[in-house]
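Here's the structure, in structure tokens; my notes come after.
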Amino acid sequence: MPEPDTIPVVVLGGSGYVAGELLRLLASHPRFHVSAVVSAGHAGEPVAAAFPHLSGTAVGGLRFVGLEQACAMLRAGTRVGVFAATPHGTTAEVLDRYLSADFRLSDAETFASVYGKPHGAPSRIPSFVCALPEHYRETPPAHAAQPGCFTTAAVLPAYPLLAAGLCEGDVFVSAITGSSGAGRVPAPATHHPERRSNLRAYSPLAHRHEVEMRRLLAPALGGRPPEVEFVPHSGPFVRGIHATVRMTLREPVPATAAAEVLSGFYGDGSFVSTSTEAPSLTEVVGTNRCRIGVATRGRTLVATSVLDNLVKGAAGGGVQWMNRLFGLDDSCGLRLAGLGWY
């Protein structure tokens, strides 16, 4: 039985990789308890059958349920946290019934142009805020949409530098992601055996996260979206994103000064840390942290950013937002040790 002062949460789309990470984080969260894990294709099956690494935890002892069964919980009138880990284009319709990437863009027309399908619940878009928790310093909204993993890796270093007026408006991003970012169902171009010992770019200057990056960086420039050029790459590893963000300084400054701007913006207790040393993936995999390394030469600034695409870029960012929506500290349940070797 859950503790009396804990908060019930429901995970939608509960059989994918991001959902698996959510459940791993929630299994040890001191204030949230998982009341239902929704999966239409696995209803009635044990959660631990899909995620054996959760065996022996309270979450692993649950069984997947169908959407209607989970909806009954909300109709009971209890305040419930809902995590949507459903595929792009399906979240809106599910949440529209039940009360995500579907709420990352600020209008239905942009969503349709980026994702190639109509938005499933356009009337709900205004009730969602899509932002990185570190950049949203207003009263918590009713609902929040965690930005995409590539977007998170690029915007965390770029935003403070633009807001401080240190850099001009154009941003170039080259980022490598692990195979878990492609989801649980393998496809010819994303299946891990095709990526092992291989590296390739895909959707250069045409990836949907480029639109998100522009939108989330616009407030740093007084509402004017910067020009963002983004080239993603498929990496030969499973977890993590390594992003290289190139920007133009308004005037030459040493790397230490640029790093101090980032450190001052995020603060000592943040999940984001900055130095002039280049970071590596093993520092952050399994955690909700982002490590940034800064280098400058003349008017060129390069920030290298590393994070776990499944945690800080997805599930951990979602838990960070949910903490805030329920008035908890952002770090509640998220001070995680890294995996080290994985």
Side-chain angles (χ1 to χ4, degrees), residues 21 25 131-137 146-167 171 173-178 181 213 216-217 219-220 235 237 239-247 249 253-297 300-321 323-324 328-342:
E21 280 298 288
L25 300 178
L132 293 170
E134 288 82 0
H135 298 165
Y136 191 81
R137 299 176 178 180
Q146 167 68 16
C149 51
F150 279 130
T151 304
T152 302
V155 171
L156 281 172
Y159 188 103
L161 298 171
L162 293 174
L166 205 65
C167 292
V171 182
V173 183
S174 175
I176 307 169
T177 186
M213 293 175 193
L216 294 188
L217 289 173
F237 47 90
R239 299 175 71 125
I241 287 177
H242 186 291
T244 300
V245 180
R246 184 192 183 281
M247 305 173 73
L249 292 160
V253 299
T256 51
E260 286 172 4
V261 169
L262 286 158
S263 296
F265 184 92
Y266 289 116
D268 293 337
S270 166
F271 289 114
V272 184
S273 60
T274 307
S275 73
T276 56
E277 298 295 322
S280 63
L281 284 177
T282 53
E283 297 177 62
V284 297
V285 168
T287 79
N288 199 51
R289 297 194 301 272
C290 174
R291 268 273 290 116
I292 299 170
V294 180
T296 63
R297 186 183 66 195
T300 298
L301 180 145
V302 171
T304 48
S305 167
V306 294
L307 54 78
D308 189 323
N309 59 298
L310 293 177
V311 188
K312 182 58 178 166
V319 172
Q320 189 177 344
W321 262 120
N323 283 338
R324 191 175 298 185
L328 307 176
D329 188 85
D330 275 19
S331 65
C332 186
L334 289 174
R335 293 297 182 192
L336 308 168
L339 300 183
W341 302 270
Y342 63 97

> Roughly how far, to the nearest 0.5 Å, is the CZ atom of Phe237 from the CG atom of Asn309?
Replying inline: 8.0 Å
>> The test is side-chain contact (heavy atoms from CB on, under 4.5 Å); show your working for Thr287 and Val311 and say whether it passes.
In response: CA-CA 6 Å; Thr287 79; Val311 188; 5.8 Å; no
>> If I take atom CG from residue Leu301 and atom OG1 from residue Thr296, how far apart are they, to the nearest 0.5 angstrom?
In response: 6.5 Å
> If you look only at pairs with a residue in residues 329-342, which of them pass as a salt bridge (Lys or Arg N to Asp or Glu O under 4.0 Å), with sequence neighbours excluded?
Replying inline: Arg324-Asp330
> CZ of Phe271 to CG of Leu334: how many Å apart, nearest 0.5 Å?
Replying inline: 4.5 Å
>> Show me the pairs that pass salt bridge (Lys or Arg N to Asp or Glu O under 4.0 Å) and involve residues 303-318, at least two apart or across chains.
In response: Glu134-Lys312, Arg239-Asp308
> Judged by atom type as modelled, is there a donor-acceptor pair below 3.5 Å linking the side chain of Tyr136 to the main-chain atoms of Trp321?
Replying inline: no
> At what distance, to the nearest 0.5 angstrom, does OG1 of Thr151 lie from CG of Leu156?
Replying inline: 10.5 Å
>> Going by the rule side chain to side chain contact (heavy atoms under 4.5 Å, CB included), which residues pair with Glu277 if we only count those two or more places apart in sequence or in a different chain?
In response: Ser275, Arg291
>> Testing the basics here: between His135 and Val155, what is the closest heavy-atom pair and its distance to 0.1 Å?
In response: CE1-CG1, 3.6 Å
>> Is any side-chain heavy atom of Val171 closer than 4.5 Å to one of Met213?
In response: no
> What residues, two or more places apart in sequence or in another chain, satisfy side chain to side chain contact (heavy atoms under 4.5 Å, CB included) together with Leu166?
Replying inline: Leu161, Leu249, Val253, Ala258, Val261
>> I'd like to check the side chain to side chain contact (heavy atoms under 4.5 Å, CB included) partners of Ser263; sequence neighbours left out, ordered by chain and number.
In response: Thr274
>> Do Thr152 and Cys290 have side chains that approach each other closer than 4.5 Å (heavy atoms only, starting at C-beta)?
In response: no
> So which heavy atom on Leu307 is nearest to which on Gly313, and how close?
Replying inline: CD1-N, 4.1 Å
>> Can you tell me if Arg137 has over 12 outside heavy atoms packed within less than 6.0 Å of its CZ?
In response: yes
>> For Val294 versus Ala255, what's the shortest heavy-atom pair and its separation?
In response: O-CB, 3.6 Å
> Donor-acceptor pair, Arg289 side chain versus Glu283 backbone, under 3.5 Å?
Replying inline: yes
> Taking it one step at a time, do Gln146 and Leu132 satisfy side-chain contact (heavy atoms from CB on, under 4.5 Å)?
Replying inline: CA-CA 7 Å; Gln146 167 68 16; Leu132 293 170; 4.1 Å; yes
> Where the side chain of Asn323 meets the backbone of Cys332, is there a donor-acceptor pair that is under 3.5 Å apart?
Replying inline: yes
>> My understanding is that only residues two or more places apart in sequence, or in another chain, count here; which of them pass side chain to side chain contact (heavy atoms under 4.5 Å, CB included) with Pro219?
In response: Tyr159
> Considering only heavy atoms from C-beta outward, does the side chain of Val272 approach that of Leu262 to under 4.5 Å?
Replying inline: no
>> So, taking the atom named OG1 in Thr300 and the one named CZ in Arg246, what distance separates them when rounded to the nearest 0.5 Å?
In response: 4.0 Å
> What pair of heavy atoms forms the shortest contact from Met247 to Cys167, and how long is it?
Replying inline: CE-CB, 3.8 Å
>> For Ala153, is there any backbone N or O sitting under 3.5 Å from a side-chain donor or acceptor partner on Ser305?
In response: yes
>> How close do Pro279 and Gly293 get, counting heavy atoms only, and between which atoms?
In response: CD-N, 3.8 Å
